Amino acid sequence: MIPSHKAEITFFEVILGRRSVRNYQAKRVGKISISSLLEAAVRAPTAMHQEPWAFVIINDKKTLKSLSDLAKPLIIAKAKLNPTELNQNMKELFDNPDFNIFYDAGTLIIICGKTDSPFYSADCWLAAENMMLAACAMGLGSCVVENALPALNLNDVKAQLKISDKYTAVAPIIIGYPNQENTATTRNAPVILTQIAPN
Ligand SMILES: Cc1cc2nc3c(=O)[nH]c(=O)nc-3n(C[C@H](O)[C@H](O)[C@H](O)COP(=O)(O)O)c2cc1C
């Protein structure tokens, strides 16, 4: 049984304290921590109890740098299809050979979804949020790097990462020890379209 007020406060502290971390220490994330993150991920709700997720864990900065280098021209090409997405700052950033889309994090966990499962995308994103909240509770930082997806879903890259044809990469999440103050970003107040109460 989950009791106490204290647990509730801790839970909300995690929700309110989580933020996307883009600056990491060199310290590696250990195997036990990664197991805990995966355990949190697979506890997410899953439509029709299908559990359509599977995970790729990359703990090698060299591999991450080469994936980042592969991803950058694809990001620019994709953004050119929708010019409102591509501004000059973005172009300069992705053209810069020193810019790493994984922000030099030591670990990337890619949540992959089984595409024959009708709600695989929703399930994977719920697993992603569980994982990021667990990371925050464990003193780890995280950030979704959706920009990596065009590269991660290239046939050659899927083969390299042993992502079979049944799966697609859905949620790439970097993990590491933050090298920044963990001040959460702000949000607008919830927009309530309708609230119906009994008369
Ligand atoms: C679907 C999705 C894709 C995202 N992709 C990227 C990304 O490619 N690179 C990045 O730096 N941040 C990415 N983010 C992080 C958002 O920029 C971040 O969540 C947002 O600015 C709010 O900040 P916060 O997470 O610190 O509250 C992504 C977030 C989501 C939910």
Side-chain angles (χ1 to χ4, degrees), residues 11-25 37 40-41 44-45 52-53 55-56 58 61 63-82 84-113 115 119-154 157 161 167-191:
F11 174 70
F12 277 100
E13 279 170 356
V14 170
I15 292 214
L16 297 176
R18 184 215 57 81
R19 64 157 304 174
S20 295
V21 173
R22 299 185 176 90
N23 189 357
Y24 291 94
Q25 299 173 31
L37 295 175
W53 39 57
F55 303 86
V56 172
I58 304 176
K61 282 193 175 184
T63 305
L64 291 178
K65 180 72 174 97
S66 63
L67 286 172
S68 168
D69 290 343
L70 184 66
K72 288 193 288 183
L74 300 180
I75 297 164
I76 293 180
K78 186 175 157 235
K80 274 185 183 154
L81 299 175
N82 181 4
T84 52
E85 262 189 39
L86 185 68
N87 61 41
Q88 190 55 28
N89 290 347
M90 186 180 159
K91 196 169 161 1
E92 273 167 27
L93 188 64
F94 291 116
D95 274 341
N96 178 351
D98 293 331
F99 176 66
N100 181 336
I101 67 163
F102 301 116
Y103 306 102
D104 294 316
T107 297
L108 173 71
I109 299 180
I110 307 165
I111 307 181
C112 301
T115 51
F119 298 99
Y120 75 87
S121 180
D123 288 2
C124 288
W125 283 112
L126 288 164
E129 178 67 342
N130 264 20
M131 188 190 288
M132 290 188 284
L133 290 177
C136 181
M138 290 158 63
L140 292 165
S142 68
C143 184
V144 177
V145 183
E146 207 261 354
N147 276 328
L149 282 182
L152 295 177
N153 280 313
L154 291 173
V157 175
L161 300 178
Y167 288 92
T168 189
V170 175
I173 312 228
I174 48 171
I175 304 282
Y177 287 91
N179 201 15
Q180 66 181 54
E181 273 300 311
N182 234 11
T183 319
T185 50
T186 57
R187 290 290 189 275
N188 298 325
V191 175

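Remember, predicted model here, so these are calculated numbers, not experimental data. First listed ligand is number 1; within each ligand, the first listed atom is number 1.
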Could you tell me which residues satisfy side chain to side chain contact (heavy atoms under 4.5 Å, CB included) with S66, sequence neighbours excluded, listed by chain and number? none
Judged by atom type as modelled, is there a donor-acceptor pair below 3.5 Å linking the side chain of [X] to the main-chain atoms of [Y]?
X    : Y    : result
N153 : A169 : yes
S68  : I101 : yes
K72  : L93  : no
N100 : K65  : no

N or O contacts of ligand 1 with protein under 3.5 Å, please list pair by pair.
{"from": "ligand 1", "atom 1": "5 (N)", "to": "E146", "atom 2": "N", "distance (Å)": "3.3"}
{"from": "ligand 1", "atom 1": "8 (O)", "to": "E146", "atom 2": "N", "distance (Å)": "3.1"}
{"from": "ligand 1", "atom 1": "8 (O)", "to": "N147", "atom 2": "N", "distance (Å)": "3.0"}
{"from": "ligand 1", "atom 1": "8 (O)", "to": "N147", "atom 2": "ND2", "distance (Å)": "3.2"}
{"from": "ligand 1", "atom 1": "11 (O)", "to": "R22", "atom 2": "NE", "distance (Å)": "2.8"}
{"from": "ligand 1", "atom 1": "11 (O)", "to": "R22", "atom 2": "NH2", "distance (Å)": "3.4"}
{"from": "ligand 1", "atom 1": "11 (O)", "to": "Y103", "atom 2": "OH", "distance (Å)": "2.5"}
{"from": "ligand 1", "atom 1": "12 (N)", "to": "R22", "atom 2": "NH2", "distance (Å)": "3.1"}
{"from": "ligand 1", "atom 1": "12 (N)", "to": "V144", "atom 2": "O", "distance (Å)": "3.3"}
{"from": "ligand 1", "atom 1": "14 (N)", "to": "V144", "atom 2": "O", "distance (Å)": "3.4"}
{"from": "ligand 1", "atom 1": "17 (O)", "to": "R22", "atom 2": "NH2", "distance (Å)": "3.0"}
{"from": "ligand 1", "atom 1": "19 (O)", "to": "S20", "atom 2": "OG", "distance (Å)": "3.3"}
{"from": "ligand 1", "atom 1": "25 (O)", "to": "R18", "atom 2": "NH1", "distance (Å)": "3.0"}
{"from": "ligand 1", "atom 1": "25 (O)", "to": "R18", "atom 2": "NH2", "distance (Å)": "3.2"}
{"from": "ligand 1", "atom 1": "25 (O)", "to": "S20", "atom 2": "N", "distance (Å)": "3.4"}
{"from": "ligand 1", "atom 1": "25 (O)", "to": "S20", "atom 2": "OG", "distance (Å)": "2.6"}
{"from": "ligand 1", "atom 1": "26 (O)", "to": "S20", "atom 2": "N", "distance (Å)": "2.7"}
{"from": "ligand 1", "atom 1": "27 (O)", "to": "R18", "atom 2": "NH2", "distance (Å)": "3.2"}
{"from": "ligand 1", "atom 1": "27 (O)", "to": "T185", "atom 2": "OG1", "distance (Å)": "2.5"}
{"from": "ligand 1", "atom 1": "27 (O)", "to": "R187", "atom 2": "NH1", "distance (Å)": "3.2"}
{"from": "ligand 1", "atom 1": "27 (O)", "to": "R187", "atom 2": "NH2", "distance (Å)": "2.9"}

Please check if the number of heavy atoms outside F119 that lie under 6.0 Å from its CZ is greater than 12. no
